[in-house]
Amino acid sequence: MAEADAAAWILLLIAPFIGSFLGLVIRRLPDGLPIAFVRSVCEECGVRLKTRDLVPVLSWLWQKGRCRYCGHPLAWFYPGVELAAVAIALSAVLVDGGEGAWLDCLLGWWLLTLGWIDLRRWLLPDVLTLPLVLAGLAAAAAFDPAELTPRALGAALGYTSLAAVAALYRKLRRREGLGRGDTKLLAASGAWVGAAALPQVVLVAALAALLAAAGLRLTGVRLGARSAMPFGPFLALATWVVWLAGLRGSIG
Ligand SMILES: [Zn+2]
């Protein structure tokens, strides 16, 4: 029990720093920029930020969201990703206790990165989606061998079902409705939640997307039949929700 508690605390403590790193990945990976060992600079004045300027969330709050050197407003992006990473760790620890939460966080942080990149750039990079398929199958093989077959099936089903929908949409509407990245993300989703839970992922994602569209409408943004939202963030969110719900089911 004490070990599980320690594991939980370590996860919660490192989560904001993981979030800072994911923020770098989200901003830099789509442009092929180096991620490791970059020196953080203020994007306005170019001053190199010191360690005390880079404490997750706290530095941002302390400086009231402004660069200490030039006063330029710093984007809420970094504290946003850091807080999201903490929220993922917190939900994983609450649902799964300390030790199992490490694997949950691996999935959750990976999905956070993918969803956020898609939101900013309409892109789900293969270098992130394809390894996530493998990681799901490897996790099944290592921790839950009985689940390996349903999860491999889930990966195959996730890919083919969405590829079929995308092909149909192209034929009917004569334009792209779903990105090719979405099919690979659903394959990754299937590799984690398994074939049986895949319909729930699609359902939750579709509902979340409808809610978001309704929310945008309420704030005055009109989405016509020809405008679109990236679907990846909703697939990522739904995968996370269904994964956590499945854990709760297996515990109870
Ligand atoms: Zn500055």
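Residues take their numbers from the sequence shown, with the count starting at 1. Just follow the structure's listing: the first ligand is 1, and inside any ligand the first atom is 1.
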Chemist: May I ask you to check whether over 12 heavy atoms, not counting those of R180, lie within 6.0 Å of atom CZ?
Modeler: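 No.
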Chemist: Among the protein atoms near the Zn ion (ligand 1), how many are N, O or S and lie under 2.8 Å away?
Modeler: 4
Chemist: Are R120 and F77 in a cation-pi setup, meaning NZ or CZ lies under 6.0 angstrom from the ring centre and within 45 degrees of the ring axis?
Modeler: yes
Chemist: Surrounding OH of Y69 (heavy atoms of other residues, nucleotides or ligands, distance under 6.0 Å), is the total greater than 12?
Modeler: yes
Chemist: Is any side-chain heavy atom of D118 closer than 4.5 Å to a side-chain heavy atom of D182?
Modeler: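 Counting from C-beta outward, D118 and D182 do come under 4.5 Å.
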Chemist: If we ignore hydrogens and angles and just use 3.5 Å, is the side chain of W110 paired with the main-chain N or O of L128 as donor and acceptor?
Modeler: yes
Chemist: Keeping the roles fixed (side chain from S59, backbone from P56), state whether a donor-acceptor pair exists under 3.5 Å.
Modeler: no
